[in-house]
Trainee: 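Right, I'll just put the structure down here and ask away after.
Quick caveat, the model's predicted, so the values are computed rather than measured. Numbered from 1 within each chain, the chains take letters A, B, ... in sequence-line order.
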Protein chains: 2
Amino acid sequence: MVSRQQTESGTTARTGVEAVTKQRGRPRSFDRETALEKAILAFWEHGYEATSVSDLTRVMGIGAPSLYAAFGDKRSLFDEVVRVYGTRYGSFGERALAEEPTARAAVERMLREAAAEYTAPGRPHGCLVIHAATNCTSPEVEEDLRERRNANIAAFESRMKAGIAAGELPAGTDAAALARHTGAIVQGMSQQARDGATREQLEALAALAMAVWPDSSANPARSRTEAG
Amino acid sequence: MVSRQQTESGTTARTGVEAVTKQRGRPRSFDRETALEKAILAFWEHGYEATSVSDLTRVMGIGAPSLYAAFGDKRSLFDEVVRVYGTRYGSFGERALAEEPTARAAVERMLREAAAEYTAPGRPHGCLVIHAATNCTSPEVEEDLRERRNANIAAFESRMKAGIAAGELPAGTDAAALARHTGAIVQGMSQQARDGATREQLEALAALAMAVWPDSSANPARSRTEAG
DNA sequence: GCATTTGCCTAGTGATCGCTACAGAAAAAA
DNA sequence: TTTTTTCTGTAGCGATCACTAGGCAAATGC
């Protein structure tokens with residue numbers, strides 16, 4: 001009765017085969033997935049506290065009781081929003097870390113993609129995880145996203161340590177500092193995307209930031225028109 | 001009758017000589033400056049929206065009517081808080097830019113001091129201007145601090161351009177990108193200070209970030225225990 | 001058809017928001 | 001002292017907050 005409401009109704013897995021059983025009562029008059037996407041955009045743009053339930057019902061196109069029946073309370077809706085956001089919009093970092101052959105290539109790709117993602121047209125700028133729960137009345141929400149941010153930095157560090165172990169980075173490389181630096185660049189890029197920076201400006205920033213890597217070439221701060 | 005209430009009462013400048021004229025009515029029962037400092041700390045820690053007027057009256061130790069009589073409404077109190085914060089806590093950047101002989105030395109000092117300021121004990125961590133007005137219901141407050149952040153980046157850029165003109169930086173240096181990069185580092189440091197980073201961690205991050213400068217030495221990402 | 005189940009809509013809950021009217025209290029001016 | 005001026009405390013304003021009770025609507029099961 002409780003958890004049932006928050007899952008997509010109409011499908012049940014039975015004996016390994018997905019069987020569609022007709023729901024008994026009145027069917028939902030809205031599409032849960034598109035309503036969730038609207039909620040993602042609203043929370044993304046205005047943050048957890050500044051997005052009221054009446055804001056949500058307006059942009060989702062449903063009444064408050066429908067929202068509570070389908071998603072639980074505001075907090076659990078936000079939790080789902082953060083989870084889906086992570087897989088739908090915030091996974092480029094993990095993907096780069098997992099797919100690129102070196103830590104350096106992974107971070108370079110991540111920063112380049114961040115410049116594009118954080119300024120993508122038709123979406124709120126910047127990163128939801130970085131901005132949606134700052135200055136919250138309820139500390140739990142704030143703490144939840146804080147842990148995600150710190151987990152990201154920890155993931156950077158472990159990837160860099162793997163790079164050191166693999167010999168792709170010098171043995172003396174300070175993985176923790178490099179990871180924190182990468183996190184600061186990502187967070188700073190997200191902030192500046194919110195503050196109106198363009199994709200090109202963020203790309204230049206990111207390219208410059210790559211100069212801190214041990215095997216970088218000299219004179220990175222030269223303009224691209226001169227240095228190529 | 002309107003602006004009078006918001007200034008410190010009891011002193012009036014007359015014919016160039018500061019004359020203390022006794023106030024006519026009942027004197028204020030609290031010290032306006034210490035109450036303002038409490039408000040600074042409250043807004044600094046929780047941000048504009050998450051700090052309610054009742055929060056303010058509690059930490060300031062005064063009633064709501066006294067607050068409104070002495071500081072105007074919540075918005076104008078926040079404006080004063082931001083202004084005083086800027087001179088009291090947020091001026092280390094300007095000072096470094098103005099006092100250091102080179103742009104590079106100025107940024108290096110600014111980042112080093114930021115690591116200390118953003119983690120100073122007994123105060124909220126991070127920067128009020130960066131964090132206190134994200135996700136606001138009223139866009140004006142958000143825009144006000146956004147303009148301050150962008151003005152800071154513009155100040156970085158003009159200092160770097162001056163450095164190029166003075167010959168202390170290579171002529172091809174991309175001042176705009178370097179300024180945005182510096183802004184990203186500062187904003188990232190502030191975010192990480194809020195997320196629990198220590199002063200030492202931020203100092204390592206800042207030292208690493210200085211490697212993007214044209215005249216930096218090689219292999220900056222090495223640990224200090226090995227390289228220094 | 002009828003009963004059951006489930007979702008939607010109206011209308012509201014108590015709590016808190018920013019803010020203020022009003023009366024009493026404390027000072028100087030008369 | 002009395003009057004005038006200003007501040008303080010109580011008490012409450014309308015608006016909005018997150019949230020929900022209750023009745024109706026729309027589907028299936030019989």
Trainee: What is the distance, to the nearest angstrom, from the CD1 atom on Ile62(A) to the C1' atom on dC9(C)?
Mentor: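 Rounded to whole Å, this separation is 13 Å.
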Trainee: Ala64(A) has a side chain; which of dA26(D), dC19(D), dT8(D) sits nearest to it?
Mentor: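 The nucleotide sitting nearest to the side chain is dC19(D).
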Trainee: What is the distance, to the nearest angstrom, from the CG atom on Asp73(A) to the P atom on dA15(C)?
Mentor: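 Whole-Å distance recorded here is 18 Å.
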Trainee: Taking the nucleotide of DNA chain C with the nearest heavy atom to each, does Pro27(B) or Pro65(B) sit closer to the 5' end?
Mentor: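 Result of the comparison: Pro65(B).
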Trainee: Look up atom CD in Glu94(A) and atom OG1 in Thr87(A), then write down how far apart they are to the nearest 0.5 Å.
Mentor: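 Going from CD on Glu94(A) over to OG1 on Thr87(A), the span is 9.5 Å.
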Trainee: Anything under 30° is parallel, anything over 60° is perpendicular, the rest tilted; go ahead and classify Tyr89(A) against Trp44(A).
Mentor: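 The rings of Tyr89(A) and Trp44(A) sit tilted, inter-plane angle from 30° to 60°.
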Trainee: Just how far, in rounded Å, is P of dC8(C) from CE of Met60(A)?
Mentor: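 In whole Å, dC8(C) P and Met60(A) CE are 11 Å from each other.
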Trainee: Take atom CZ of Arg24(A) and atom P of dA27(D), then tell me their distance rounded to the nearest Å.
Mentor: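 Answer to the nearest Å: 15 Å.
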Trainee: Could you give the CG-to-P distance, from Leu77(B) to dC19(C), as a whole number of Å?
Mentor: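 The distance from CG of Leu77(B) to P of dC19(C) comes to 10 Å, rounded to the nearest Å.
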Trainee: Quick one: is dC17(D) close enough that its OP1 or OP2 comes under 4.0 Å of any side-chain N or O from Ser54(A)?
Mentor: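 Affirmative; the distance criterion is met.
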Trainee: Ignoring hydrogens and angles, does a donor from either the side chain of Arg26(B) or the base of dA25(C) sit under 3.5 Å from an acceptor on the other?
Mentor: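 A donor-acceptor contact between them is present.
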Trainee: Does dC8(C) have OP1 or OP2 sitting under 4.0 Å from an N or O in the side chain of Ser66(A)?
Mentor: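 So the side-chain polar atoms of Ser66(A) do come within 4.0 Å of the phosphate oxygens OP1 or OP2 of dC8(C), strictly under.
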Trainee: Mapping Gly25(B) and Thr51(B) to their closest nucleotides on DNA chain C, which lands nearer the 5' end?
Mentor: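 So the residue in question is Thr51(B).
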Trainee: On DNA chain D, does the nearest nucleotide to Gly63(B) precede the nearest nucleotide to Asp55(A) from the 5' side, or the other way round? Give the residue.
Mentor: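 Comparing both residues, the 5'-ward one is Gly63(B).
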Trainee: OP1 or OP2 of dA26(C) less than 4.0 angstrom from a side-chain nitrogen or oxygen of Ser29(B), does that happen here?
Mentor: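 Looking at the OP1 and OP2 atoms of dA26(C), neither is under 4.0 Å from any side-chain N or O of Ser29(B).
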Trainee: From CZ of Phe30(A) over to C1' of dC9(C), roughly how many Å is that when rounded to an integer?
Mentor: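 It works out to 13 Å between those atoms.
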Trainee: Check Phe30(B) against Ala70(B) and note the closest heavy-atom contact, atom names and distance.
Mentor: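 Phe30(B) and Ala70(B) have their closest heavy atoms at CZ-CB, 3.9 Å.
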Trainee: Which class fits the ring pair Tyr118(A) and Phe92(A): parallel under 30°, tilted 30 to 60°, perpendicular over 60°?
Mentor: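 The rings of Tyr118(A) and Phe92(A) stand perpendicular, inter-plane angle above 60°.
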Trainee: Measure from CZ on Arg58(A) to C1' on dC9(C) and round the result to the nearest Å.
Mentor: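 Whole-Å distance recorded here is 18 Å.
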Trainee: To the nearest Å, how far apart are Phe71(B) CZ and dT8(D) P?
Mentor: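 Rounded to the whole Å, the gap is 11 Å.
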Trainee: Looking at dT28(D), dG18(C), dC17(D), which one has an atom nearest to any side-chain atom of Tyr68(B)?
Mentor: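 The answer is dG18(C).
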Trainee: Has Tyr85(A) got a side-chain atom pairing as donor or acceptor with Leu128(A)'s backbone, closer than 3.5 angstrom?
Mentor: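 Present.
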